[in-house]
2 protein chains.
Amino acid sequence: MRPTVHDIAAAAGVSLATVDRVLNQRPGVRHVTREKVETAIRELGYVRDVAAANLAKGRTYPLVFILPASDNSFMHGLNAEIRQAIVRSSAERTDIRTIEVPAFDPAALVAVLEGLSREKPCGIALVATDAPDVRAAVDRLVRERFPIVTLVSDLTGSLRHHYAGVDNIAAGRTAARLLGRFLGPRKGEIAVLAGSMLVRDHRERLEGFTAVIAEEFPDLAILPVLEGRDDPEVAHRLVADALGNAGIIGVYSLGAGNRGLIRALKEKAVDRVLTVIAHELTAHTRAALIDNTIDAILNQDAGHEVRSAIRVLKAKADGLAVIEAQERIRLDIFLKDNLP
Amino acid sequence: MRPTVHDIAAAAGVSLATVDRVLNQRPGVRHVTREKVETAIRELGYVRDVAAANLAKGRTYPLVFILPASDNSFMHGLNAEIRQAIVRSSAERTDIRTIEVPAFDPAALVAVLEGLSREKPCGIALVATDAPDVRAAVDRLVRERFPIVTLVSDLTGSLRHHYAGVDNIAAGRTAARLLGRFLGPRKGEIAVLAGSMLVRDHRERLEGFTAVIAEEFPDLAILPVLEGRDDPEVAHRLVADALGNAGIIGVYSLGAGNRGLIRALKEKAVDRVLTVIAHELTAHTRAALIDNTIDAILNQDAGHEVRSAIRVLKAKADGLAVIEAQERIRLDIFLKDNLP
DNA sequence: GATTTTTTGATTTACGTACATCAAAATTGG
DNA sequence: CCAATTTTGATGTACGTAAATCAAAAAATC
C-alpha cells in the first residue's frame, strides 16, 4: 500500500495539518519542521494521490490551445482532435479553450500569449511561429510558471517544457532516403513543393531532405523550392508548370495542401514514371497513395499530438513526471500496405 | 458540471441508496424503479467518476500477463516494459503479475488460463499461441466475464476483447513493397528468415510478404523459408549457408533473433549489394541499420503495446469505452534517419 | 386484514486529500 | 518575564462514490 498523509504525519511526528501545510506550501511552518516532513516524504516515498487531490479540490485543468487560422486538412484534423479532447474533458477534468491567431504572424501570437498571463490557465499549447518575439513571450510565461508545450512546430532555444510533434529534420532526411532508394540508379531532378519557407517545420524538412540527397544521392538534383502557401490552387499551378521539365523524376511535397499537387500529377504525369513522397495523411493523399499517384506518405498523428500535449500539461501542472517514450511523437511512414 | 449520484437520485425521485443499488447491480430494486433510475442516468448523461469510485472502493486492478519464455531481444524488451508498468502500478492502481509459459506450447498455456479462472484477476493479457485449445480456453474466460487482450500475437476468431499488436499481414506486405522498391529493376532471389512457421505472427508476415511480391514484383523469387527458431546460432548457420547462392539480392528477416543474421551478413556479404529488411528494433539491428548492413527495420513498440493492453483491460473492467485510435498499435518503419 | 417478504429511504462511515478555523503551544522581542 | 507573534495541533467539512445498517413503507401472500 502506498503511504498516505497520515503515514507522513506519524513518521515525521507532526500533525496532519502541518503535513498539509508543507505539501501545499502554505505558510506558518518552521524550517526545521518542514525539513522533518520533507525527509519523511522522501523516506516513505510518498506521492500525492492525484485523483483524490483533484476530487477534494474539485480541480479542473484549464488549458489553452493556440492554433494558426490555416485552412488546410492538417489543421482541420488537429482542430477535430481538439474537439474530441473537449468531448472527453469532463472525464479528464480538463477545460480546453482554443484560440485562433492569424498564421505566420508573430505579433498576433505574442499579443495572445501576453493576454494569457492574466487569464491564468494551468497550461498552454501552441503551434509556434518561429520568431524571437514569440520565443521571448514564451520564456516569460515559463518564468511565470505556466506549463507550455509547443505543438507541431517547435520553438527551439526557448524554455518551453515539451515539444509535441515530430522531428522535422528527421522527416526530411527520411523522405530523401525513401525517394533516393525508390529511384535506385535513375538520374534526374527532384521538385520540392513546400508551403512557406517562413515556417520552421517546412524549413527543417527541406534542410534534412537536401542534406541526405547531397550526401548520398549525388545523381539527384534538387530544383528550387516551389512555395505553394499550402493553397491547392497555387500548388496546382506551380507543380503543373514545373512538370513541363521532362528531367523531373521525383517530387517531395513537404507541406500541407496536397490537393493541388495530386491534381497536377494526374493531369500532367499519367504517362511518366514519377516517384512522389508527400506529408500528412488525409483523404486526398490516402486515395493518391492507393492509386499509385503517391509512393509514400510521411505523417504525424494529430490525435497523438493533442493527447500527448494534454497529458504533458497536466503532469507539469501537478509537478509530475511523464513517460518520455510515450510522449515521443513518431514519424509515421505509410505505404499503401500499412494504411490505418 | 457533470451530474453526480445525487442528481440522479433527485431526477429519478428515489433515494441515494437506490441509485447505488442500481449502479452497482445490487439486489432489492423493483423493475420499474430500476428503469426510472436508468432513464435518469441516460437523460442526465451520468458517467460514474472512476477516480472517486476507485478511491471509495480502495480498488486496484489485478492484472495478469502471460508471456512465452523465449530468450530473444523482443521478449526481453516486452518484459522490461512490463516491469516499468509494475513500477508505476501504485500510481495506476494496478497490481501486475507475469506468468511465463513454455513457448509454442498450447497445452501449457491452456493450463495457465484454466488456473486463472480461480484466481479472479480483473484482466488478462496473453501472447497467444494460435491453437484451437487456446482459443477455447480464452473464449471460456471471456464468457466468465474476464477482460482479455491478446498481446503481440493475436488469436483471430476468438472472443478476446482486443488485440494489442501490429497487423502482421500488413507488416509483411510493407516489407515486401519496401524491398521491391529498394531493389528497383533488379532481378533475383529473396531469402526469408523466420523464427517458426508455428507462430501466427510469423506466418502472417510471410503471407503478406509473399502476396505482394507475387502481385507486384514478379522479378523477385522467394526462396524456401529458413526457420531459425529465433536462435542466433541457428539463424547464423542458415543464413551463412544460404548466402552461398549468388542469386540472392534481398533478405527479409521476419522473426526475432537477428544477431545471427547480422553476423552472417557481415561475414559473407560485405562485397555484395544486398537489400535487407528486418523486424524489431534492438541494439543489434539498430547498429546494423546505421552501418548499412540492414536497409530498413519494421518495429512494434513493446512499451506502447503494454501500456495499451493495461489501458484497455482497465477500461473493460470498468465497462468504459477506449479511444480506438489511441489503442491502435502502429507498424513503425525505421530508416537510419528516423531512429528514436 | 394480518403477516410475511420485498423494496426503498435515511443515515453513517470510509477512501485520500484540501482547506478552513480555533485553540494551544512554542518562540521571539522588548 | 510578559506580551506579541509565529508555529503547531486538533478538528470538521468537503469532493463523489461505495458499502453497510436499520427503519419504514410498500407489495405480495395467505
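Heavy-atom basis, side chains included; hydrogens, waters and symmetry copies ignored. Chain identifiers are assigned alphabetically (A, B, ...) following the order of the sequence lines, protein sequences preceding nucleic acid strands; residue numbering begins at 1 within each chain.
- Among residues two or more places apart in sequence or in another chain, the side-chain contact (heavy atoms from CB on, under 4.5 Å) test is passed with Ala51(A) by Asp49(A), Ala51(B).
- Checked against side chain to side chain donor-acceptor pair (under 3.5 Å), Glu305(B) has no partners two or more places apart in sequence or in another chain.
- Salt-bridge annotation for Glu92(B) and Lys314(B): absent, with no side-chain N of the basic residue lying under 4.0 Å from a carboxylate O of the acidic one.
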Provide a list of protein-nucleic acid N or O atom pairs under 3.5 angstrom, restricted to nucleotides 19-27 of chain D.
unit_1: dA19(D); atom_1: OP2; unit_2: Arg26(B); atom_2: NH1; d: 3.2

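- Put simply, NZ on Lys36(A) is 14 Å from P on dT7(D), counting in whole angstrom units.
- The side chain of Ala56(A) has dT17(C) as its nearest neighbour among dT17(C), dA18(D), dA10(D).
- Annotation: side chain to side chain donor-acceptor pair (under 3.5 Å) contacts of Asp154(B) (sequence neighbours excluded): Thr150(B), Arg160(B).
- When rounded to the nearest whole Å, the span between NE2 of His6(B) and P of dT17(D) equals 8 Å.
- Partners of Asp318(A) by side chain to side chain donor-acceptor pair (under 3.5 Å), not counting sequence neighbours, listed by chain and number: Arg59(A), Tyr61(A).
- For Asp49(B), taking side-chain heavy atoms from C-beta onward, the closest of the listed nucleotides dG16(C), dA18(C), dT17(D) is dT17(D).
- Looking at the side chain of Ala53(B), the nearest of the listed nucleotides dT17(C), dC15(C), dA18(D) is dA18(D).
- Here Gly58(A) lies out of heavy-atom contact (under 4.0 Å) with every strand.
- Partners of Glu324(B) by side chain to side chain donor-acceptor pair (under 3.5 Å), not counting sequence neighbours: none found.
- Between Thr4(B) and dG16(D), a side-chain N or O to OP1/OP2 separation shorter than 4.0 Å is absent.
- Rounded to an integer number of Å, the gap from His31(A) NE2 to dT7(D) P is 12 Å.
- Residue Thr18(B) is the one, among Ala52(B) and Thr18(B), whose nearest nucleotide of DNA chain C lies closer to the 5' end (criterion: closest heavy atom).
- Here the C1' atom of nucleotide dA14(D) and the CG atom of Asn54(A) are 15 Å apart, to the nearest Å.
- Look at CG on Leu23(A): it is 17 Å from C1' on dA20(C), rounded to the nearest Å.
- Rounded to an integer number of Å, the gap from CZ of Arg59(B) to C1' of dT17(D) is 13 Å.
- Across the protein-nucleic acid pair, Ile8(B) atom CD1 and dT17(D) atom P stand 9 Å apart, rounded to whole Å.
- Within the 4.0 angstrom heavy-atom criterion, no nucleotide atom of any strand lies near Val50(A).
- Checking Val29(B) against Val47(A), the closest nucleotide of DNA chain C that is more toward the 5' end is the one next to Val29(B).
- Between the side chains of Arg48(A) and Asn24(A), at least one donor N or O sits under 3.5 Å from an acceptor N or O.
- For the OP1/OP2 pair of dT7(D) and a distance below 4.0 Å, the side-chain nitrogens and oxygens of Arg34(A) include no atom meeting the criterion.
- Straight-line distance from the CZ atom of Arg48(B) to the P atom of dC15(C): 20 Å, rounded to whole Å.
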